Amino acid sequence: MTIQLNGLQVELPESVRNVEDLLKHYQLEGRIVIIELNHEIADKSKYTELSIADGDKVEMIHFVGGG
Amino acid sequence: MLKIGDQLFQSRLLLGTGKYPSFEVQKEAVRVSEAEILTFAVRRMNIFEPTQPNFLEQLDLSKYKLLPNTAGAKTAEEAVRIAKLAKASGLCDMIKVEVIGCDKTLLPDPVETLKASEMLLEEGFIVLPYTSDDVVLAKRLENLGVHAIMPGASPIGSGKGIVNPLNLKFIIEQSSIPVIVDAGIGSPKDAAFAMELGADGVLLNTAVSGAKDPVKMALAMKMAVEAGRLGFEAGRIGEKEYAAASSPQEGMVTS
């Protein structure tokens with residue numbers, strides 16, 4: 001499956017089916033990260049219910065140093 | 001005590017977290033500054049290095065209040081989107097509204113800032129807009145119900161200090177919400193000056209992170225903010241055109 005992640009085309013293995021899988025795939029479990037799926041902010045409590053499909057647009061957002 | 005919304009803070013120094021030479025220096029600078037409010041930016045992760053360390057994750061978040069900014073936004077809608085992403089972290093309810101209207105000066109767009117502030121207030125955020133030092137704009141923002149007003153001293157990262165103390169003084173005098181002087185602070189004297197003018201707080205970043213010794217500068221800024229505040233509360237003497245002797249004029253041994 002191919003999705004657009006942070007503006008880039010990325011290929012994901014078949015095992016990635018939902019937002020939680022996606023975070024696991026990138027080893028981001030327990031990290032401070034905010035997910036936007038097709039322009040909607042993903043509710044943290046629904047990561048397993050929110051499925052990822054071919055062509056989805058995903059944003060992985062975090063906090064960086066800034067003034 | 002600084003009161004923003006219904007939250008009380010001991011420290012009147014708000015510190016930015018950008019452009020430090022290392023996490024170690026940054027941690028120490030944050031510690032000695034005794035700042036309780038730290039600003040952050042909201043950005044995409046680098047998906048090629050998603051596991052790289054993150055400064056925020058190295059902080060004891062029970063000790064600090066996060067103030068994410070909407071830097072990168074050029075419209076009210078973009079600012080609202082960034083603010084909502086920040087809030088979705090579950091770590092913050094405050095937002096520094098920063099809508100830049102000019103790439104060269106990084107001065108804020110007053111119209112979009114006003115619009116974004118109104119939209120974010122409706123969404124229930126604690127709203128702290130970064131604005132130019134426009135007196136009427138400050139009043140308009142206050143009338144919307146923002147929780148603090150953050151006029152710039154001079155352009156972001158310029159280190160030029162307070163270029164228009166008169167405007168800042170007018171903003172401070174008319175305001176019934178906290179006024180936090182944000183951006184352009186270069187040295188401790190600028191921070192002390194802002195506080196002597198009656199500001200409720202100072203927000204700075206580059207003045208500390210870009211100093212030769214950021215940790216020492218963080219301490220200097222903490223002391224400058226405290227000294228300026230004490231000076232303001234103590235009430236400075238009036239200025240005179242000519243000298244007024246401090247020693248008694250009577251009983252001179254030379255007469």
Side-chain angles (χ1 to χ4, degrees), chain A, chain B residues 14-20 23 26 30 38-59 61 66-72 81-92 96 98 106 130 156-157 182-185 203-210:
Chain A
M1 154 169 75
T2 307
I3 64 163
Q4 197 178 58
L5 179 58
N6 290 0
L8 300 166
Q9 297 286 329
V10 295
E11 191 65 36
L12 294 175
E14 288 303 310
S15 58
V16 177
R17 293 200 180 103
N18 55 44
V19 172
E20 185 160 287
D21 296 337
L22 183 71
L23 289 175
K24 267 186 204 156
H25 177 71
Y26 283 100
Q27 297 172 280
L28 290 169
E29 305 136 289
R31 299 287 301 270
I32 297 172
V33 51
I34 304 129
I35 302 287
E36 199 186 55
L37 175 58
N38 298 325
H39 308 289
E40 297 263 345
I41 292 169
D43 185 336
K44 277 184 198 301
S45 63
K46 293 187 180 147
Y47 278 175
T48 49
E49 298 163 39
L50 289 166
S51 53
I52 305 262
D54 197 60
D56 276 351
K57 280 178 109 170
V58 179
E59 295 280 345
M60 269 187 191
I61 307 293
H62 68 160
F63 293 105
V64 299
Chain B
L14 292 75
L15 200 60
T17 57
K19 301 200 283 192
Y20 283 80
F23 281 165
Q26 184 167 14
V30 167
L38 302 176
T39 63
F40 285 89
V42 177
R43 289 289 178 272
R44 281 174 165 170
M45 278 184 143
N46 177 352
I47 57 163
F48 299 110
E49 289 178 86
T51 54
Q52 65 190 331
N54 181 290
F55 178 68
L56 181 61
E57 292 174 337
Q58 301 190 19
L59 283 176
L61 292 177
L66 307 187
L67 176 57
N69 65 38
T70 64
R81 180 179 174 217
I82 295 169
K84 284 182 178 174
L85 284 167
K87 200 177 190 177
S89 68
L91 299 171
C92 47
K96 169 177 163 175
E98 183 175 347
L106 297 182
Y130 160 63
I156 294 170
D182 180 5
I185 297 293
L203 197 172
L204 53 87
N205 184 341
T206 314
V208 165
S209 66

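Quick note: numbers below take in every heavy atom, side chains included, and nothing from hydrogens, waters or symmetry partners. Please read all numbers here as calculations on a predicted model, not as lab measurements.
- For B/Lys84, the parts lying under 4.5 angstrom from a heavy atom of chain A are both the backbone and the side chain.
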*Check step by step if side chain to side chain contact (heavy atoms under 4.5 Å, CB included) holds for A/Ile61 and B/Arg44.*
CA-CA 4 Å; A/Ile61 307 293; B/Arg44 281 174 165 170; 4.1 Å; yes
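- Looking at B/Phe48, the atoms closer than 4.5 Å to chain A (heavy atoms on both sides) all sit in the side chain, from C-beta outward.
- Neither the backbone nor the side chain of B/Leu15 has a heavy atom closer than 4.5 Å to any heavy atom of chain A.
- When heavy atoms are compared at a cutoff of 4.5 Å, B/Ala71 does not approach chain A at all.
- Residues of residues 21-31 of chain A lying under 4.5 angstrom from chain B, judged on non-hydrogen atoms, are A/Tyr26, A/Gln27, A/Leu28, A/Arg31 by number.
- Looking at B/Asn54 and A/Ile32, their side chains never come closer than 4.5 Å, going by heavy atoms from C-beta outward.
- At a 4.5 Å heavy-atom cutoff, B/Gln26 makes no contact with chain A through either its backbone or its side chain.
- For residues 44-59 of chain A, the interface with chain B (any heavy-atom pair closer than 4.5 Å) comprises A/Lys44, A/Glu59, sorted by residue number.
- Interatomic distance, A/Phe63 CZ to B/Asn69 CG, rounded to the nearest 0.5 Å: 10.0 Å.
- Contact of A/Ile34 with chain B is made through the side chain alone, with heavy-atom distances under 4.5 Å.
- Only the side chain of B/Leu61 comes within contact range of chain A, judged by heavy atoms closer than 4.5 Å.
- Taking NE2 from A/His62 and CD from B/Gln52, the interatomic distance works out to 6.5 Å, rounded to the nearest 0.5 Å.
- How far CD1 of B/Ile47 is from CG of A/Asn6: 6.0 Å, rounded to the nearest 0.5 Å.
- At most 12 heavy atoms of other shown residues, nucleotides or ligands fall within 6.0 angstrom of atom CZ in A/Arg17.
- Highest contact tally toward chain A, considering only B/Leu56, B/Asn46, B/Thr39, B/Asn205, is held by B/Thr39 [criterion: heavy-atom pairs under 4.5 Å].
- Residue contact with chain A, scored on non-hydrogen atoms closer than 4.5 Å, involves the backbone and the side chain of B/Ala86 alike.
- Of the listed residues B/Ile156, B/Thr17, B/Leu203, B/Leu204, the one with more heavy-atom pairs under 4.5 angstrom with chain A than any other is B/Thr17.
- Only the side chain of A/Leu8 comes within less than 4.5 Å of a heavy atom of chain B; its backbone N, CA, C and O stay farther away.
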